[in-house]
K.L.:
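So that we are looking at the same thing, I have put the structure below in C-alpha cells.
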Amino acid sequence: MNQPRHVAIIMDGNGRWAKARRHGRVYGHIRGAKVAKSVIEECARIKVPFLTLFAFSTENWFRPIEEVSFLMHLLQRQLRRERATLMRNNIRFQVIGDVERMPEGVQDIVRETIEVTRSNSGMILTFALSYGGRQEVTMMAQEVARRVAAGDLKASEVDEATVASLLPTSFLPDPDLIIRTSGERRISNFFLWQSAYSEIEFVETPWPDFSTADLHHALARFGLRERRFGRTSEQLRLP
Ligand code: FPP
C-alpha cells in the first residue's frame with residue numbers, strides 16, 4: 001500500500017471540543033497538545049519521513065489576547081518538556097512561519113530545539129508557527145523582485161523550481177496527504193502552493209479526540225487513492 005512521504009495536519013476543533021464540555025477553549029488546546037505528542041510519536045514509529053503540524057496561523061494572532069498568550073505558553077512548555085521525546089524517537093525539529101513575531105521565550109526554545117535535534121536522522125517534524133500561505137508567497141515575490149532588480153535573476157528564468165526554492169518549505173517535499181480534523185472543509189491559508197496535488201482527508205473527529213487509530217484510517221484511505229497528477233489511469237499503468 002502507498003505510504004505518504006509527507007503528512008501535514010491542520011489540527012482543528014480544540015475550542016469547540018472544550019466548549020461542548022463546558023470548559024474554556026484553553027482546555028481543548030491542552031488536550032490537543034497531548035494528541036499532537038501521540039501522533040508525532042506514532043508517525044515516527046511507522047517511519048513517516050516528514051510530518052508537518054499547523055500549530056498557529058498568521059490569522060490566529062487576531063484571537064483574544066488571553067488565548068494567544070496561553071497558546072504561546074503552551075508551545076514553550078511543550079517544546080521544553082518534549083525535547084527528550086524528540087531525541088528518543090530520533091526526530092529532527094524544524095519550523096516554518098514568521099517565528100520572529102512570537103515572544104522571545106518561544107523563539108529561544110524553538111532555536112534550541114532545532115539545534116539540539118540537528119543530528120537526528122529520523123522523521124523531520126515541522127511546526128508551522130505564525131504561518132500563512134499568502135504571507136510566504138508574498139515574501140517569495142519580494143525576493144524574486146529583489147533578485148531581478150539586482151540583476152541576479154532574469155524574469156524569463158523564473159520557473160516553478162525557482163518559486164519552490166524561494167519558499168521556506170524548500171527543504172520539504174510537497175505534502176502527499178493533508179488531514180484536517182473537526183469537519184471543516186477548507187485549507188485556511190495552509191500550504192497554498194505546496195498542496196497542488198495533495199490528497200486531502202477531512203475527518204469529522206475534533207483534534208482532541210483524534211486517535212492513532214484515526215491516523216491509521218486516514219493513511220489507509222490515502223493508500224487506496226489513485227494519484228494521477230493530471231494524467232489518465234491508463235497512462236499510470238504504462239511502464
Ligand atoms: C485549532 O483549534 C487549534 C489551534 C489554533 C492551535 C493548535 C494548537 C494545539 C493543538 C496545541 C499546541 C500544540 C502543540 C503541538 C504544542 P481551534 O481553536 O481553531 O478550534 P475551534 O475551531 O473549535 O475554535
Side-chain angles (χ1 to χ4, degrees), residues 7-44 48 50-86 89 91-99 101-103 105-114 117 123-133 135 178-191 201-212 214-215:
V7 177
I9 308 183
I10 303 175
M11 307 177 288
D12 193 20
N14 295 350
R16 279 166 288 161
W17 179 89
K19 205 171 157 204
R21 285 157 184 77
R22 299 176 191 280
H23 284 289
R25 296 176 55 82
V26 298
Y27 181 65
H29 296 317
I30 294 172
R31 174 75 176 244
K34 291 200 175 104
V35 171
K37 175 184 162 136
S38 71
V39 167
I40 291 166
E41 286 190 287
E42 183 62 5
C43 285
V48 170
F50 300 89
L51 172 67
T52 300
L53 299 181
F54 196 11
F56 195 84
S57 73
T58 43
E59 290 72 29
N60 287 154
W61 289 113
F62 300 114
R63 291 195 172 190
I65 178 79
E66 305 78 41
E67 185 174 343
V68 171
S69 302
F70 184 83
L71 279 168
M72 294 300 136
H73 159 78
L74 186 62
L75 267 167
Q76 196 173 333
R77 191 185 77 180
Q78 288 303 110
L79 282 177
R80 188 176 305 116
R81 276 191 185 169
E82 300 305 339
R83 191 175 285 179
T85 308
L86 298 179
N89 290 283
I91 296 169
R92 184 167 176 190
F93 181 76
Q94 292 285 355
V95 288
I96 50 172
D98 188 5
V99 180
R101 212 173 149 185
M102 319 282 280
V106 178
Q107 291 188 45
D108 290 346
I109 195 81
V110 162
R111 259 194 303 272
E112 283 168 37
T113 311
I114 292 172
T117 63
M123 184 174 82
I124 309 250
L125 168 66
T126 305
F127 271 24
L129 296 177
S130 190
Y131 173 85
Q135 174 184 261
I178 297 179
I179 300 171
R180 182 177 187 144
T181 57
S182 205
E184 305 289 6
R185 289 163 185 264
R186 53 178 174 260
I187 279 292
S188 298
N189 202 14
F190 184 53
F191 277 171
E201 278 288 325
F202 294 110
V203 302
E204 296 300 320
T205 314
W207 180 249
D209 282 337
F210 191 78
S211 64
T212 52
D214 293 320
L215 172 71

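Whatever order the structure lists them in is the order used to number ligands and atoms, beginning at 1.
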K.L.:
Determine which pairs satisfy salt bridge (charged side-chain N to carboxylate O under 4.0 Å, His left out) with at least one residue from residues 70-79, sequence neighbours left out, and list them in order.
P.N.:
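Listed once each, the pairs would be none.
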K.L.:
Indicate whether the side chain of Thr58 and that of Arg101 have a donor and an acceptor atom separated by less than 3.5 Å.
P.N.:
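Per modelled atom types, Thr58 and Arg101 side chains form no pair under 3.5 Å.
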K.L.:
Does Glu112 have any side chain to side chain contact (heavy atoms under 4.5 Å, CB included) partners at least two apart in sequence or in another chain, and if so, which?
P.N.:
Arg83, Asp108, Ile109
K.L.:
Near ligand 1, which residues have a heavy atom under 4.0 Å away from one of its atoms?
P.N.:
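Within the 4.0 Å shell of ligand 1, which is judged on heavy atoms, sit Met11, Asp12, Gly13, Asn14, Gly15, Arg16, Arg25, His29, Gly32, Ala33, Ala36, Ala55, Asn60, Arg63, Leu74, Gln78, Phe127, Trp207.
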K.L.:
When the side chains of residues 30-40 are checked against the rest of the protein, which donor-acceptor pairs come out under 3.5 Å, sequence neighbours left out?
P.N.:
unit_1	atom_1	unit_2	atom_2	d
Arg31	NE	Pro208	O	3.2
Lys37	NZ	Glu82	OE1	3.1
Ser38	OG	Val35	O	3.0

K.L.:
Any side-chain donor-acceptor pair under 3.5 Å between Ser182 and Trp207?
P.N.:
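Side-chain D/A pair, Ser182 to Trp207: absent.
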K.L.:
Is it true that Tyr131 and Phe56 have ring centroids separated by less than 6.0 Å?
P.N.:
no
